[in-house]
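Scroll down for the structure; my scribbles are underneath it.
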Amino acid sequence: MDRLTKEQRHKNMSHIKNKDTGIEKILRSALWQKGYQYRKNYSALPGKPDIVLTKYKIAIFCDSEFFHGKDWDALKLQLERGKNADFWIKKISRNRERDEEINRQLMYMGWTVLRFLGKDIKKDVEQCVKVVEETIFENTVGEGDVFD
């Protein structure tokens, strides 16, 4: 198995995008086709959510499975057997903590937080849109917006 040099690894990691990723574009496109207007990478909110529906106070994050620790117990075991285990475990653990901190901050501010994993967006973007629409409905019932 070929090992990358430190310089090659740095080059690879520097090309990982943190905004306008493929999964964000897929979900944004599906929301736009349904007529939803949104803000991208909204810096006025903690965590700069990838997609924000300001009208409904919904903050959406499109998370990659690896960097956000999907199936963390299994992933952690796998990382422990790999190279640079301490770095990756610390990095992903901190990402998970930060996700929770941001969720709490946004909810305290009255926002609803939705997090979708990349594979879920790619596999069934319509289901993700359905979750957004159900959240919009739940957020508007009782405010008089739906049944007036």
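Every value quoted in this text rests on a predicted model; they were computed, and no experiment measured them.
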Taking all heavy atoms of Leu106 and all of Ala59, pick out the closest pair and write down the distance. CD1-CB, 4.0 Å
Output the distance between atom CG (Leu114) and atom CZ (Phe61), rounded to the nearest 0.5 Å. 10.0 Å
Would you say Tyr108 and Leu45 are hydrophobically clustered, going by side-chain heavy atoms of ILVMFWY under 4.5 Å? no
Closest heavy-atom pair and its distance - Leu27, Cys128: CD1-CB, 4.0 Å
More than 12 heavy atoms from other groups under 6.0 Å of CD on Gln37: no
Could you tell me whether Lys70 atom NZ has more than 12 heavy atoms of other residues or ligands within 6.0 Å of it? no
Lys57 side-chain N/O to Met109 backbone N/O, donor-acceptor pair under 3.5 Å: yes
Looking at every non-hydrogen atom in both residues, tell me the closest pair between Trp88 and Lys83 and how far apart they are. CD1-O, 3.9 Å
How far apart are the C-alpha atoms of Glu97 and Arg94, what are their side-chain angles, what is the distance that settles it, and do they pass the salt bridge (Lys or Arg N to Asp or Glu O under 4.0 Å) test? CA-CA 5 Å; Glu97 290 170 9; Arg94 179 63 189 127; 3.5 Å; yes
Decide yes or no on side chain to side chain contact (heavy atoms under 4.5 Å, CB included) for Arg28 and Ile51, but give the supporting numbers first. CA-CA 7 Å; Arg28 287 196 319 239; Ile51 302 169; 3.4 Å; yes
Shortest non-hydrogen contact from Ile60 toward Val132: CD1-CG2, 3.9 Å
Would you please test Glu100 and Arg96 for side chain to side chain contact (heavy atoms under 4.5 Å, CB included) and show each step? CA-CA 6 Å; Glu100 286 302 314; Arg96 290 168 51 85; over 6 Å; no
Asp124 side, atom CG; Phe116 side, atom CZ - distance, nearest 0.5 Å: 10.5 Å
Thr135 side-chain N/O to Val131 backbone N/O, donor-acceptor pair under 3.5 Å: yes
What distance do Lys91 atom NZ and Ile89 atom CD1 have between them, rounded to the nearest 0.5 Å? 14.0 Å
Take atom CZ of Arg39 as the centre, draw a 6.0 Å sphere, and report whether it contains more than 12 heavy atoms from other residues, nucleotides or ligands. no
Is there a donor-acceptor pair closer than 3.5 Å between any side-chain N or O of Asp50 and the backbone N or O of Glu24? no
Under a 4.5 Å cut-off applied to non-hydrogen side-chain atoms, are Leu79 and Phe66 in contact? yes
Below 30° counts as parallel, above 60° as perpendicular, anything between as tilted: where do the rings of Tyr56 and Tyr36 land? perpendicular
Which heavy atom in Ala30 sits nearest to a heavy atom in Val125, and how many Å separate them? CB-CG2, 3.7 Å
Could you tell me the separation between the CD1 atom of Ile23 and the CG atom of Asp63, rounded to the nearest 0.5 Å? 7.0 Å
So how far is it from Lys122 NZ to Ile26 CD1, rounded to the nearest 0.5 Å? 6.5 Å
Answer whether the closest heavy-atom distance between the side chains of Trp111 and Gln105 falls below 4.5 Å. no
Determine, step by step, whether Arg115 and Asn103 satisfy the side chain to side chain contact (heavy atoms under 4.5 Å, CB included) criterion, reporting the C-alpha distance in whole Å, the side-chain angles of both residues, the deciding distance to 0.1 Å, and the verdict. CA-CA 9 Å; Arg115 288 188 176 270; Asn103 289 353; 3.0 Å; yes
What are the two closest heavy atoms between Trp72 and Ser93, and how far apart are they? CZ2-OG, 3.3 Å
Tell me, yes or no, whether the heavy-atom count around Asn84 atom CG, taken from other residues, nucleotides or ligands under 6.0 Å, exceeds 12. yes
Which residues satisfy the side chain to side chain contact (heavy atoms under 4.5 Å, CB included) test with Lys119, sequence neighbours excluded? Glu65
